[in-house]
Amino acid sequence: MNYVIVGACAAGLATAEAVRKADAKGNITMLTEEAYFPYSRPSISYFLKGKVKESDMALRKPSFYKTNNINVITNAKVTSIDRKNKTVKVGKKSFPYDKLCLATGSKPFVPPMENVEGKENAVTFLDLASAKELKSLANENTKAVVIGAGLIGMKAAEGLVKICKSVDVVELAPRVLPSILDKTSARQVKKHLENNGIKFHLENTVVKAQSKGKHITGVTLKDGKTLKCDLLVLAVGVRPQCELAESAGLEVNRGIITDIHTMQTSDKDIYAAGDCTVSVDMLDGSKKIIALWPNAVQQGRVAGYQRASESNTVDGTYSVNAIDFFGLRICTCGLINAQGEQYFDKIKSDGDVYKRLVFEGDRLVGFVLINSSENAGIYTNLISNKVDLSTLEGDIMETPSIFLFDKDTRIQKLRGGILL
């Protein structure tokens, strides 16, 4: 059996590992257009800050691939899929497959801006190559402008502020980290980031750049303001990388459409996993792109087992984020910005500590925790298991613990769900 995996990040590696556990003899080939073996993409911000070395970012040691007979081919950009003959093409070479998995991930979204394309100091921040480029361009005299105050943009800004002379962040939304924070918590986080040297221009965007040759020297914002700029970071967001699937005739709608339980695409021999796919949020049933590492790993494992004729399935997914900025710890989960009369929230705030819980009836469906993430896993458990809160003992607005549950449930949880 020939298993081919396109992509070598979280979902691709999880797929390969699952296939090998289910099929000890099948041929596994991972094709990645990057120059590196699978590495931790979330670590690129720490690499930028100098907190981790490139060698520490590898997800597995080189011996792992040899021991498990997984053939990783780098600098291998797949240009087409021949579904009839069951091959994928890389340059002039073709790789045959019996089962194929697309783990192509996401790509940077770059909005239209005048005089930016092709400039040598306009860079993205999504992978190790872009992080290396960013690091090589930044120094103590650099005036950096980051477009985007989402997770990618803010991690780039955090890394650059310790290196550069100044860092300005431009964001179209009215608040920072708009996808994971509510209005109140966003104000608190923004103030913390400003105290650490980052300047913000909210409800704004870059419309054009000034340049000398191929080097940007400044940018003009929508409101007419001009910022000096030696380094422009394009971090508005990401989009699923699904052109390969679309050109092969697979069902695509924003992302690759799969069976939400098995990760099988519209072709029975092709699976997809990770940021390139459309997921279904188990909390409200909405179809969306959930570009998160744990989701990619879960989907990759299921795609791997399914391709090797195992019965594992995806149980459900939802957004979970755990991140810190200059020591400020942020944990968010679920439906943070839920709309509708069925939702309500409770807030507890004290200084730099903030806790907001979002409810739907007697169920917890989301939370925002700032410097209050002790035992946050209890909240996540309540959400994922759709626990009826009326069965709990105590106030869940306090620090959650296993003592929220009744005695029988506590005993079962402590025994790992096994009744002795």
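In this text, all values refer to a predicted model and were calculated from it rather than measured experimentally.
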ask   = Any ring pair (Phe, Tyr, Trp, His ring centres under 6.0 Å) pairs touching residues 150-177, not counting sequence neighbours?
value = none

How would you list, by chain and number, every residue that makes a salt bridge (charged side-chain N to carboxylate O under 4.0 Å, His left out) with [X], sequence neighbours excluded?
{"X": "Lys165", "result": "none"}
{"X": "Glu158", "result": "Lys49, Lys155"}
{"X": "Arg175", "result": "none"}

Hey, does [Y] have a side-chain heavy atom less than 4.5 Å from the side chain of [X]?
{"X": "Leu181", "Y": "Ile330", "value": "yes"}
{"X": "Val368", "Y": "Ile336", "value": "yes"}
{"X": "Ile28", "Y": "Asn71", "value": "no"}

message = Using the rule given for salt bridge (Lys or Arg N to Asp or Glu O under 4.0 Å), can you reason through Glu54 versus Lys132, listing the C-alpha separation, both sets of side-chain angles and the distance that settles it, and then say yes or no?
response = CA-CA 10 Å; Glu54 181 181 339; Lys132 284 184 174 182; 2.9 Å; yes

Using the test side-chain contact (heavy atoms from CB on, under 4.5 Å), find all partners of [X] that sit at least two apart in sequence or belong to another chain.
{"X": "Phe37", "value": "Tyr65, Val72, Thr74"}
{"X": "Glu246", "value": "Val252"}
{"X": "Asn121", "value": "Lys119, His215, Ile216"}
{"X": "Arg187", "value": "Lys183, Thr184"}

message = Between Asp267 and Arg83 (salt bridge meaning N to carboxylate O under 4.0 Å), is one present in this structure?
response = yes

ask   = Looking at Glu17 and Arg60, does any basic side-chain N land under 4.0 Å from a carboxylate oxygen?
value = yes

key: Sequence-distant partners of Ser45, side-chain hydrogen bond (donor to acceptor under 3.5 Å, both in side chains), two or more places apart   = none

Return a table of donor-acceptor pairs under 3.5 angstrom between the side chains of residues 359-367 and protein atoms on other chains or two or more places apart.
unit_1: Glu360; atom_1: OE1; unit_2: Arg363; atom_2: NH2; d: 3.1

Acceptor/donor pairs from residues 103-114 side chains to any protein atom, 3.5 angstrom cut, sequence neighbours excluded:
unit_1: Thr104; atom_1: OG1; unit_2: Gln241; atom_2: O; d: 2.6
unit_1: Lys107; atom_1: NZ; unit_2: Glu243; atom_2: OE2; d: 2.0

inquiry  = For a quick test of reading the model, state the closest non-hydrogen atom pair linking Cys276 to Cys242 and the distance between them.
reply    = O-CB, 4.4 Å

request  = Check each of Val320, Thr317, Thr277 against Asn295 using the side-chain contact (heavy atoms from CB on, under 4.5 Å) test, and report the only one that passes.
outcome  = Thr317

key: Residue that, paired with Leu232, satisfies side-chain contact (heavy atoms from CB on, under 4.5 Å) out of Val219, Val123, Val170   = Val219

Using atom types as modelled, flag every donor-acceptor pair under 3.5 Å from a side chain in residues 134-150 to any protein atom, sequence neighbours excluded.
unit_1: Lys135; atom_1: NZ; unit_2: Phe47; atom_2: O; d: 2.9
unit_1: Ser136; atom_1: OG; unit_2: Glu133; atom_2: O; d: 2.7
unit_1: Asn139; atom_1: OD1; unit_2: Asn141; atom_2: N; d: 2.8
unit_1: Asn139; atom_1: OD1; unit_2: Thr142; atom_2: N; d: 3.4
unit_1: Asn139; atom_1: OD1; unit_2: Thr142; atom_2: OG1; d: 3.3
unit_1: Thr142; atom_1: OG1; unit_2: Asn139; atom_2: N; d: 3.0
unit_1: Thr142; atom_1: OG1; unit_2: Asn139; atom_2: O; d: 3.3

Stepwise salt bridge (Lys or Arg N to Asp or Glu O under 4.0 Å) check, Lys89 with Asp82 = CA-CA 8 Å; Lys89 190 173 182 180; Asp82 184 340; over 6 Å; no

